[in-house]
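The block underneath contains the structure these notes are about, expressed in structure tokens.
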Amino acid sequence: MEAYDHKKIEEKWQEQWEKDQVYKTEDTSSKPKHYVLDMFPYPSGEGLHVGHPKGYIASDIYSRFKRMNGFNVLHPMGWDAFGLPAENFAIKNKVHPSAAVKKNIARFKEQLSIIGFDYDWSREINTTDPAYYKWTQWIFLKLLEKGLAFESHEPINWCPSCQTGLANEDLDGGRCERCDSEAEKKPMRQWVLKITDYADRLIKDLDLLDWPDSIKTAQRNWIGRSEGHEVEFTLANSTKHKAQSAEHKSIKVFTTRLDTIYGATYLVVAPENPFVESTKHKAQNSKEVQQYLDDCKKKTEIERTSVDKEKTGVELKGIKAINPATGEEISVWVADYVLGHYGTGAVMAVPAHDERDHAFAKKYGLPIKHVVMPHLVDYKVNPPRVDKPSKTRRNVHAIVFDPKENKYLILRNEKQGWDTIIIGGIEDGEDPVAAARREVEEESGYTNLIYKRTLGAPVQASYFAKHKDENRVAVTTGVYFELVGHKRVPITDEIADDNEVLWVDANHFVPGTMVNTEMPLWIERMMLSGDVAYTGEGVLSDSGEFSGLTSAEGRETIAKKIKAAPKTTYKLRDWVFSRQRYWGEPIPVIHCLLCGVVPVSEDDLPITLPPVEQYAPTGTGESPLANIDEWVNTVCPSCGGAGKRETNTMPQWAGSSWYYLRFMDPHNDRQLVSPQAEKYWSPVDVYVGGDHAVRHLIYARFWHKFLHDIGVVSTSEPFARLEFLGFILAEDGRKMAKRWGNVINPDDIVSTYGADSLRLYEMFMGPFENAIAWQTKSIIGVRRFLERIWSLREKVKNVETPPEEERLLHQTIKKAGEDIAEFKFNTAVSAMMILVNGVEKMGTISRSTYMALLRVLAPFAPHMAEELWQALGNTDSVHRSSWPVYDPAKLVSDEHVIAVQIDGKSRDTFITKEELDETSAREQALARPKMQKWLEGRTVTKVIYIPNKLINIVTG
RNA sequence: GCCGCGGUGGUGGAAUGGUAGACACUCGGGACUCAAAAUCCCGUGAUCGCAAGAUCGUGAGAGUUCAAGUCUCUCCCGCGGCACCA
């Protein structure tokens, strides 16, 4: 027999398949459709490394599997080629971007073709093709028409190295994601898309999607929805001034914690807030304020927003606001820890319950007022009982420490069976510290105490006080004393009878040992040197009529009283959509002195990118296109006068935000996609790729929803299911990259081991979503597997399939099919290996088993499967054959191995041919010779029998 | 800090609450060979044992269960996302 020559058969079949158009997708079909899409590549100058095809191999296997199961499959490929990477590559290599892109695409296509994918290349698209970007521009015109694209002069992120504005999504920790330069804030004219209008739908519709949780969570985080209230703080004495229209009379803040408003002791306004500009001259310290504003401007965004940086700010002296809940006058500050672009650009500061406000208040000596108590419920030791009355008490807890002995004072109550620190009630008008002293003296007799500190604000605890047979809601203050002398006064007999006075180590204070519910909190507070903000929810205190309510109740009722409107805020920013660069889709608008911004007529699309000599960025904040007078100067479509073209271009992410639609109808020159094609193919059933967890997947969802709103698409979401892949790492565990010198080229692997081995190896490496390091030496495993299948051809016999072989086959068909559907390719491959190992052991394989095996193998190793398939005499392609069907009745063996356990530990097994009931299984198990030893001196108390699987004998 | 996902042999990994380590790689031994490669066969979690076998074992600790890698809680570690977002 001929040896397995992968080169020969792979080239042969790739050619043949193309000739026979095996993978041509039908535009219309009576079959159900299935749209399988890869995140199309950005053809870089470096070519593909072995990591790139991983997703393509998976989608290829999946699409072939679907085709064999009777679906009309759309599995296309194309190129995303506009944008910075291609342009920077072109500048560096001194070639025109269009030439570079052309060359890179050719290289990518060649590299992909030798892997043997089932793409229908007649549907290939390229985002830089005018016939394609005509429709990208068309979508922009529609966005403009609907008011979702607009010009803005707000400061944006500017990359000084790439010399262009960037969207928030293009930053990574305040740095340009492409070149790692620190981004600056630069005010400039730019085009912005109102993605924030879709924020709510972008979050809500995530629920409709079969996507990994991690990606959904990443998107939710990015959109950052939070529900709260807007509250207006009127300025004190603002009515005294003659009303000027430009003058602010109030400051609006956004808060998610309206329940803490009684603790709002000052306001903070962001430096960018227009309020500051209009009010700063009225501050008594206006010079100082101006100085602060100037200082802020000098800070970079990274400096300003780093969490661990000390907060700075300045008071607007003489300006006071009124807390609408308390009616009190509070001071107003300008500080850059408040962000100008989030919420209303101003906050009510609640230093007792917000860490940032707390740090700021500490630094500037501002008042701290506690208005939310932690609420502890004793669920474990003495849980509140629904059938008992409840009493509210004001308590004090005294923690007494003896520094000489390093011990703490506790009381042990034998009768109740508990240990406690000293507890007592606070009498009306009594100071907690005095109350604590009194209680220590009464209950233990110790009098020589020095007061060290109070352990934070009071806390509320609910528990059942069994000695009083009632529930307690105790509001308790913790007081910490140190013992300075062992002098004791007599205590009453009654108290002495109940409690034993003990000194214990700190390790006695672990949860559970002490009866006090508050104990863990006291320990935590003792360990902290200073006080900290309590940011959790709880029970309101010191909040007028609202005291005693829970945080949630408080928010609701306070909102009603002070008329605070509910408000939802998002972290998501609008999409900065213009780039001051050459290599992108021209934004199709014309600026006219008379008419302003005028959209280009749809009939004039595409506005093609003019060929230029100089495409390097100008650095002036203008695109290089601005220098091409003959392109820029045009006629205003509205008035017929002189007009200038918009010279900014679209970002890299524009073309990829809708490309999946174009594959449905790639050559349509009248429509972006025909309604029929869209209806038939939408949505993408499975989308395969990695990386772009947020950016591309949010932009595309946004555009899709917009296109849905204007009736272009019929579905509300573009990608029904997302299979997110883990990248293949280099052998050294790092990312595969040219600069690390650890890149493995797929061409080399295909040449040495064959495309089928490469495909199989990448799928066998591990779970699809795992990032796993490449190991060239491990490919040998799958290569051997393929060679075994190759050799099996000699063992094919025209016989009836033996039952054992049949069982193995049907198990394999079932397992492989289910696993492909779930993208568990590694276990699908191992199922085939198990079958091959099995039939090898038996020595022969029936013709029908072999044919079925080849059909299961076909999606994974299409070339070898085809070669062997046709060698068996089949004349049509294996890829047009159907997926084999398994018979559930043939999955189970007529022999069962029953595991025998004693007390849950496996001790023996036995084989049975018949279905055993519990009694006979028990008989057989107990009759095993090994069992005698295990059962000696024990009595069987219970037997658990899982039919045909396991028997567990439980002994007493 | 918050959110999400993980932690199983030397390695990649497998395991509807039911005999942990499938399937591979590596390594060791053997066959074939003048020899090597390739291929084939046997072995390969740890400890003890000549062996039969026994004990331990899925990051740590507790819990639920006849039975836990799998479920619950606490903690440790790793990865990813977000992060002065009020």
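Below, read A as the first sequence line, B as the second, and so on, with proteins coming before strands; counting in each chain starts at 1. The figures here come from the full heavy-atom set of this structure, side chains too, leaving out hydrogens, waters and symmetry mates. Only a predicted model underlies this, so the values are computations on that prediction, with no experimental measurement involved.
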Rounded to whole Å, please give me the gap between CD in A:E840 and C1' in B:U39.
11 Å
Can you tell me the Watson-Crick or wobble partner of B:G69, both distances under 3.5 angstrom?
none
Distance check: side-chain N/O of A:K777 vs OP1/OP2 of B:C25, anything under 4.0 Å?
no
For B:A35, the Watson-Crick or wobble partner whose two distances fall under 3.5 Å:
none
Answer yes or no: does a side-chain N or O of A:R907 lie under 4.0 Å from OP1 or OP2 of B:U55?
yes
Can you check the distance between B:U11 and B:G18, where both ends of the measurement are the C1' atom (answer in whole Å)?
29 Å
Between OH of A:Y4 and P of B:A38 the distance, given in whole Å, is 18 Å
Gap in Å between the two C1' atoms, one belonging to B:G29 and one to B:U19, rounded
28 Å
Within the 3.5 Å criterion, strictly below it, is a donor on A:D200 or A:Y570 matched to an acceptor on the partner's side chain?
yes
Which nucleotide in the set B:A86, B:G13, B:C25 lies at the smallest distance from any side-chain heavy atom of A:P767?
B:G13
Separation of B:G12 P from A:F785 CZ (nearest whole Å)
23 Å
Considering heavy-atom distances to RNA chain B, does A:K841 or A:W222 have its closest nucleotide positioned more toward the 5' end?
A:K841
Atom of A:A183, atom of A:N157 and distance for their closest heavy-atom approach
CB-CB, 4.4 Å
Any side-chain N or O of A:S226 under 4.0 Å from OP1/OP2 of B:A86?
yes
Can you tell me, in whole Å, how much space there is between the P of B:U72 and that of B:U64?
15 Å
Do the side chain of A:N952 and the base of B:C66 come within less than 3.5 angstrom through a donor-acceptor pair of N or O atoms?
yes
Rounded to whole Å, how long is the line connecting atom CE of A:M763 with atom P of B:A24?
18 Å
Select from A:S830 and A:G345 the residue whose nearest nucleotide in RNA chain B is closer to the 5' end of that strand.
A:S830
I want to check one thing: is the phosphate of B:C25, taken as OP1 and OP2, less than 4.0 Å away from some side-chain N or O of A:R784?
yes
A cation-pi test, strictly: NZ or CZ of A:K252 under 6.0 Å from the centre of the six-membered ring of A:F275 and no more than 45 degrees from its axis. Yes or no?
no
Strictly under 6.0 Å, is that where the ring centroids of A:Y761 and A:W774 end up?
yes
Using the C1' atom as the point on both nucleotides, what is the distance between B:C75 and B:U65, in whole Å?
23 Å
OP1 or OP2 of B:C40 sitting under 4.0 Å from any side-chain N/O of A:R788?
yes
Hey, is the side chain of A:K311 pairing donor to acceptor with the base of B:C84 inside 3.5 Å?
yes
Please confirm whether the shortest side-chain N or O distance from A:N221 to OP1 or OP2 of B:A83 is below 4.0 Å.
no
Considering Watson-Crick and G-U wobble pairs with both distances under 3.5 Å, what does B:U74 pair with?
B:A60
For the pair A:D259 and A:R257, evaluate salt bridge (Lys or Arg N to Asp or Glu O under 4.0 Å) and give the outcome as yes or no after the intermediate values.
CA-CA 5 Å; A:D259 53 312; A:R257 290 298 301 275; 3.0 Å; yes
Given the side-chain rings of A:W211 and A:F724, with only the six-membered ring counted for Trp, is the space between their centroids under 6.0 Å?
no
Below 4.0 Å: OP1/OP2 of B:A86 and any side-chain N or O of A:Y342
yes
Are A:Y337 and A:F360 near enough that their ring centres are under 6.0 Å apart?
yes
Rounded to whole angstroms, how far apart are CD on A:E769 and P on B:G4?
18 Å
Looking at B:A20, which nucleotide sits across from it as a Watson-Crick or G-U wobble partner, both distances under 3.5 angstrom, or is there none?
none
Using atom CD1 of A:I772 as one end and atom P of B:A24 as the other, report the distance to the nearest whole Å.
17 Å
For A:K905 and B:U55, what is the distance between atoms NZ and C1' respectively, to the nearest whole Å?
9 Å
Between atom CG in A:D357 and atom C1' in B:C84, what is the gap in whole Å?
10 Å
Taking atom P in both B:A37 and B:U44, what distance in whole Å separates the two?
24 Å
Whether A:N837 contacts B:A24 is assessed here as follows: a side-chain N or O lying under 4.0 Å from the phosphate OP1 or OP2. Is that the case?
yes
